[in-house]
Amino acid sequence: MTSIDPTHSLPFDHANPEDSGESPDIPLPRVLFVSVNPFSDTSNNGKTFASFFKGYPRDSLAQLYFHREIPSSEVCENYYRITDEDILSNLLRPWRATGERVTSLASATSPIPTQAHTVLKGSQTARLLRQALWTQVRVQNEQLLDWLDAFAPEIIFFCGGDAAALYPKVTALRDRYGARMAFYITDDYVLPLATKNLAVRVMRSWTRQVFQDVTSNADIVLTIGEHMSRAYKREFGFDSIPLMNMVELPPAMPPPTVRKSDRTLTLLYAGSTHSNRWKILSQIADSIERLAGGGVSARLLIYGPNPDAEALTAVDRPPFSEYRGLLSPNEINAAISKADVLVHVESDDPASIAATTLSVSTKIPEYLASGRSILAIGPRGLASIEYLAQHGAALLVEPRHPEGLDNAIDALAGSPGIRFELSMRGFELASTNHDGLKTRRSLWHRLQRLVA
C-alpha cells in the first residue's frame, strides 16, 4: 500500500487565502439549487447536495426539484416540488398550477404506487418516455414564477443528471433572472457507450447535446471527482473543479474497535444493492462461509434500501451475512462505530462499469472519516476504486477472486495492525480532501466571486 501524499488535495486548495472564504467582504449570494432529488439526510445525491450548504444562510437558499421524495435536510427551508403526477395532471387540466411549495412535513403519498415507480425506473424505455413527458414541465407558470420572483436567485446551482428535458428549462430560468450558473455533475450520462438498446442510445445522445450546451455556458462546472474532470477535459475540452461529498470531521480519529481473537469480525456495508452490487456482497458472504470452516469468524451486516427479491435472497444469509434495513443517519453512524471493517463494492459487469466508471460513492468520505478500515471489492479503473488505491486507504480485491477475498478477510480478522494502518490513512485522506468546514468555505467564496 502506498502512503498518502499530504500535499495532495482537491482544487479547492485551502492554502490559498483567496479561496479560504474567511471574513467575506460581501454577503453570500442567493442560490437556487435545481435537481431531481431534494436535499436529504439519507439519500446519496441529496446528502451530497446538502453537505455543500450546511451553515449557509437559509434565507439565501432555495430548491426546485422534480421528485415525489420529501426533503429531510435542515440546510434549507424553501422548497418547490414538481412530480410526475403533477405533470400528468397538468396535461389533463392545463389550468392547474404545476407543482407546489413543500416542507419536510409534507406527504410523499402518490396515486402511482411505489412498486410501479421502481419498475418504471428500471426500464430504459420508460425513462426515455418520462423525459419526453418532462418536456411538458411548465416552469413559466404563475405559481412557480411568483415563488421564484420572491426569491430572486443570483446563482442557479444545477445538477441535472440524465434529466435531459430539464436542461433548457433551467437555462431559461437562468436567463430570466440574469443569474450565474454553477453546473454539477455526479454521474456520467454522456460518454460513448456500446449498447444496442435504442432507448439508451437516444437518451444518451439527447443528454449529451444539452450537456454540451450547458457546460459551454455555465460560469463554473463542478464534478464528483478528479477522474471525471480529466475524462471530460479529454472528451469535451472544458475545465472543471472536482467537488466530492463533505463530512464533519471529529477533532481526532475515533479509536479503533477492540477485537479479541475469539470475537467475530464485523464487516458493514451501507448503501444500495443496485448496479449488481448485491452480487459482490454475495461473494463476501461466500467467503465468510468458506472461512468459517477454517475457524475464522466473521459476519457481514448490510444496511440500505430494500433489495429486490433476488438480491435479498443472495445477501441475507445468516449467520454469514444479514440485511438489516434502512437506518436513520444517527443509527447508521452508531452501527459504523461498532463495526471493525467497512465495505465498498462495485460490480464488474459492463453495464455497471459504464454507470460507475467516473463516479465516487457518497459514502466513501463518510467511511474515511469514521476511523474504521475499508475493504473495497471492485474492478480497477473505476473512479472510486482508483481513489482508494491511489492513497492506500483500503484493502483492495478484484471481483470474482475468491482466494484474494478470503485472504483479505482473514488478514483483517487476524491483524489489528492492518486495520489500524488503513484507518489512519483513511482519516488522513478525509482530513485532506473532505473536511466540510474548509471545503464549504472555499466553495462559498467561489460563489461569491461569481456575483461580485
Side-chain angles (χ1 to χ4, degrees), residues 1-14 41 44-45 47-48 50-52 54 186 223-228 242-257 266-271 277 301 303-304 329 332-346 356 358-378 380 382-397 408 412 416-440 442-443:
M1 290 181 286
T2 59
S3 61
I4 296 176
D5 177 0
T7 65
H8 173 84
S9 67
L10 295 178
F12 286 101
D13 188 347
H14 312 302
D41 287 334
N44 286 342
N45 276 349
K47 284 169 64 176
T48 298
S51 74
F52 298 165
K54 184 174 181 179
T186 59
T223 69
I224 196 64
E226 292 177 328
H227 202 70
M228 179 179 284
L243 181 65
M244 286 186 275
N245 187 32
M246 306 171 199
V247 293
E248 307 312 304
L249 290 170
M253 188 181 85
T257 54
T266 300
L267 297 91
L268 181 147
Y269 174 79
R277 293 187 177 101
L301 305 180
Y303 297 96
I332 193 61
N333 289 337
I336 285 175
S337 70
K338 296 176 183 177
D340 300 303
V341 178
L342 305 180
V343 175
H344 174 67
V345 297
E346 297 290 1
T356 59
L358 301 183
S359 302
V360 178
S361 172
T362 300
K363 65 177 173 287
I364 284 180
E366 298 168 352
Y367 277 9
L368 294 170
S370 70
R372 298 293 172 262
S373 53
I374 299 175
L375 172 65
I377 302 99
R380 295 300 299 265
L382 299 188
S384 58
I385 300 298
E386 291 303 317
Y387 184 61
L388 294 170
Q390 178 186 357
H391 300 289
L395 202 56
L396 302 174
V397 181
L412 291 165
I418 290 177
R419 297 200 306 274
F420 184 68
E421 176 70 13
L422 290 170
S423 299
M424 287 185 61
R425 294 181 181 194
F427 191 78
E428 184 178 347
L429 181 56
S431 300
T432 303
N433 284 355
H434 304 285
D435 186 332
L437 181 62
K438 295 178 183 177
T439 310
R440 272 192 296 272
S442 182
L443 171 63

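This structure is a prediction, so every number in the text was calculated from the model and none was measured.
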* Would you name the heavy atoms of Pro254 and Ser370 that are closest together and state the gap between them? => CG-O, 3.4 Å
* Structure fact -> Note: Arg419 and Ser373 closest approach over all heavy atoms is O-CB, 3.5 Å
* Asked: Hey, does Val397 have a side-chain heavy atom less than 4.5 Å from the side chain of Leu375?
  -> yes
* Asked: Do side-chain atoms of Ser359 reach the backbone of Thr186 as a donor and acceptor pair under 3.5 angstrom?
  -> yes
* **Euclidean distance, Glu386 CD relative to His391 NE2, rounded to 0.5 Å** => 11.0 Å
* Asked: Is any side-chain heavy atom of Ile224 less than 4.5 Å from a side-chain heavy atom of Leu358?
  -> no
* **Exercise: identify the closest heavy-atom pair between Gly371 and Met253** => CA-CG, 3.9 Å
* Kindly determine whether Lys54 and Glu248 satisfy side-chain contact (heavy atoms from CB on, under 4.5 Å), including the steps that lead there. => CA-CA 10 Å; Lys54 184 174 181 179; Glu248 307 312 304; 3.4 Å; yes
* To do: For the residue pair Asn245 and Ser51, confirm or rule out a side-chain donor-acceptor distance under 3.5 Å.
  => yes
* Asked: Can you name the closest pair of heavy atoms from Val345 and Tyr269 and give their distance?
  -> CG2-CE1, 3.7 Å
* Structure fact -> Here the pair of heavy atoms bringing Leu368 nearest to Tyr387 is CD1-CE2, 4.3 Å
* To do: Find out whether Lys338 and Thr266 are in side-chain contact, i.e. whether some heavy atom of one side chain is under 4.5 Å from a heavy atom of the other.
  => no
* Structure fact -> Output for pair (His227 NE2, Gln390 CD), nearest 0.5 Å, gives 10.5 Å
* Does the side chain of Leu412 reach to within under 4.5 Å of the side chain of Leu422, using non-hydrogen atoms? -> yes
* Asked: Is Glu366 salt-bridged to Arg372, going by a charged N under 4.0 Å from an acidic O?
  -> no
* Donor-acceptor contact below 3.5 Å, side chain Asp435 vs main chain Ser431 -> no
* Just by modelled atom types, is the Thr439 backbone N or O under 3.5 Å from a matching donor or acceptor in the Ser442 side chain? -> no
* Going from CG on Asn433 to CD on Glu428, what distance comes out if it is rounded to the nearest 0.5 angstrom? -> 10.5 Å
* Structure fact -> Rounded to the nearest 0.5 Å, the CD1 atom of Ile374 sits from the CZ atom of Arg425 at a distance of 12.5 Å
* Asked: What pair of heavy atoms forms the shortest contact from Leu243 to Leu443, and how long is it?
  -> CD2-CD2, 4.0 Å
* Asked: Which distance, rounded to the nearest 0.5 Å, do you find between the CD1 of Ile332 and the OG of Ser337?
  -> 10.0 Å
* To do: Drop me the distance from Leu382's CG to Thr356's OG1, to the nearest 0.5 angstrom.
  => 4.5 Å
* Polar contact flag, side-chain donor to acceptor under 3.5 angstrom, Ser384-Ser361 -> no
